[in-house]
Amino acid sequence: MVGLYQGTDFVKIGITCYPTYGGSGAVATELGIALAARGHDVHFITYQQPFRLPNFLPRVWFHEVDVGRYPLFEYPPYDLALAVRMHEVVRDHQLDILHCHYAIPHATSAWIAREMLREGAGDVKVVTTLHGTDITIVGQERSFYTITRFSIERSDSVSAVSEYLRDETYRAFGCVACDVKVIHNFIDPTQFDRASHTFPIPTDRVGDRKVIMHISNFRPVKRVRDVVRVFAKVNEQVRSILVMIGDGPERVEAEDEARLLGVSDLVLFLGKIDAIAPLLAGAHLFLLTSDKESFGLSALEALASGVPVIGARAGGLPEVVTHGETGYLFDVGDVNAMADAGVALLTDSHKWQTMSDAAASDARRRFSQDAVVEQYEALYEQTLAKPSTKISTAST
Ligand code: GMT
């Protein structure tokens with residue numbers, strides 16, 4: 001896709017994200033890779049190589065943030081080390097934009113870096129993309145609320161991955177001076193294509209069973225016990241296996257639940273796997289039971305792979321899953337309704353095929369990479385055209 005960019009000049013962008021397994025890091029990395037393929041220079045600035053970033057790509061750099069060690073620091077100040085690295089990379093590579101994914105602490109570090117640059121007569125524009133718990137959970141904690149609002153308001157542009165998250169930002173933070181633009185997450189339709197992969201799990205492990213799948217970082221917000229409960233109920237009527245991909249604090253609870261319900265032999269915990277498209281290509285149903293979900297990137301990747309999604313009607317998930325057409329959404333915790341819908345779908349092959357086809361085409365129509373990356377390019381252009389903000393003129 002090199003050279004697709006229609007703007008005036010290619011842009012030099014610094015991207016900061018959490019490099020570990022999770023949706024915001026995945027989106028930031030896929031965006032960076034797509035931007036570089038379109039001719040922009042992309043510099044990742046974070047403490048570790050992002051998990052979806054290959055070792056070498058043209059026009060892509062990785063700058064590691066070294067926090068160092070000092071016995072006095074029980075909590076090493078990563079946000080300061082990040083600000084210093086951002087400052088260096090902008091200065092040394094003449095970056096135009098720092099694009100922060102997840103507000104805390106990235107947007108704050110970018111603000112510090114920009115202020116330091118201005119001391120030296122330099123400057124950079126700061127774009128912040130809000131992803132989810134930076135607004136819905138962590139950002140609203142007393143320790144972080146004021147700095148989150150400050151950092152959002154001091155960003156030159158702000159985007160949110162769903163309408164739900166934009167509205168939640170206004171509701172929780174006010175942010176009177178902000179214009180939060182919604183730019184949905186996206187998929188590469190050539191990657192998440194059911195027909196172009198071979199399911200890697202051996203057939204003797206699966207047999208004639210239906211494959212039910214869940215991918216997440218197993219944090220409490222994902223309610224992974226509900227995933228196991230829905231699966232166990234479905235399996236009472238439809239021979240199935242549950243494939244759990246990812247890892248995190250609630251994995252042990254999910255394993256316990258599987259033992260408790262007598263289905264542990266049918267639940268495969270595969271851990272953190274980067275290449276999920278081949279696995280999704282063999283799935284029949286994807287479960288996402290979270291009590292908060294600003295978007296649900298894994299659900300979108302499942303839909304694009306022709307896998308209907310059953311989950312909770314939470315946050316921005318209804319913007320991704322069209323109830324009755326590409327999946328089914330129920331109240332958070334309504335395990336019985338989710339299981340009943342799963343059984344009805346998996347026992348009706350015509351209905352399943354219709355929904356699978358609808359899921360793949362709806363994901364391509366609404367969330368294709370090229371169209372969404374163009375929205376980010378437009379946001380960069382608008383941001384670069386804005387006059388420089390000064391700390392003394394902004395409201396607190
Ligand atoms: O906000 C988070 O919890 C972190 C983030 C992650 O890295 O896992 O997840 C959020 O961002 C994703 C990418 O935009 C969204 O698809 C997820 O829905 C969102 N998670 C939540 O809102 C819980």
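Atom set for the values below is all heavy atoms of this structure, side chains included, hydrogens, waters and symmetry mates excluded. Both ligands and their constituent atoms are indexed starting at 1 by order of listing.
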Heavy-atom gap Gly296 to ligand 1 smaller than 4.0 Å: yes
Arg219 heavy atom under 4.0 Å from ligand 1: yes
Taking heavy atoms and a distance under 4.0 Å, where does [X] meet ligand 1: side chain, backbone, both or neither?
X      : answer
Ile137 : neither
Tyr18  : neither
Asn217 : side chain

Partner of Leu242 under side chain to side chain contact (heavy atoms under 4.5 Å, CB included), chosen from Asn235, Leu266, Leu268, Val227: Val227
What protein heavy atom is closest to [atom], reported as residue, atom name and distance in Å?
atom                    : value
atom 16 (O) of ligand 1 : Leu297 N, 2.9 Å
atom 23 (C) of ligand 1 : Lys292 O, 3.4 Å
atom 22 (O) of ligand 1 : Ser294 N, 2.8 Å
atom 17 (C) of ligand 1 : Glu293 OE2, 3.1 Å
atom 11 (O) of ligand 1 : His131 O, 3.2 Å
atom 8 (O) of ligand 1  : Gly23 N, 3.1 Å
atom 2 (C) of ligand 1  : Thr133 OG1, 3.0 Å

Are any of the N/O atoms on [X], whether in the backbone or the side chain, positioned under 3.5 angstrom from an N/O atom of ligand 1?
X      : value
Val221 : no
Val161 : no
Lys222 : no
Asn185 : yes

Where ligand 1 meets Gly132 - atom numbers and elements under 4.0 angstrom, heavy-atom basis: 1 (O), 22 (O)
Enumerated ligand 1 atoms positioned under 4.0 Å from heavy atoms of Tyr102: 1 (O), 2 (C), 4 (C)
Any donor-acceptor pair under 3.5 Å from His40 side chain to Phe10 backbone: no
Side-chain donor/acceptor of His284 to backbone N/O of Lys210, under 3.5 Å: no
Residues Arg313 and Asp331 bridged, charged N to O under 4.0 Å: yes
Using distance alone, with no hydrogens and no angle criterion, decide if [X] and [Y] have a side-chain donor and acceptor under 3.5 Å apart.
X      : Y      : answer
Asn217 : Lys222 : no
His106 : His101 : no
Thr129 : His99  : yes
Glu293 : Ser290 : yes
Ser388 : Arg118 : yes

Check: Cys100 and Met86 side chains under 4.5 Å, non-hydrogen atoms: yes
Student check: side-chain heavy atoms of Glu163 and Glu319 closer than 4.5 Å: yes
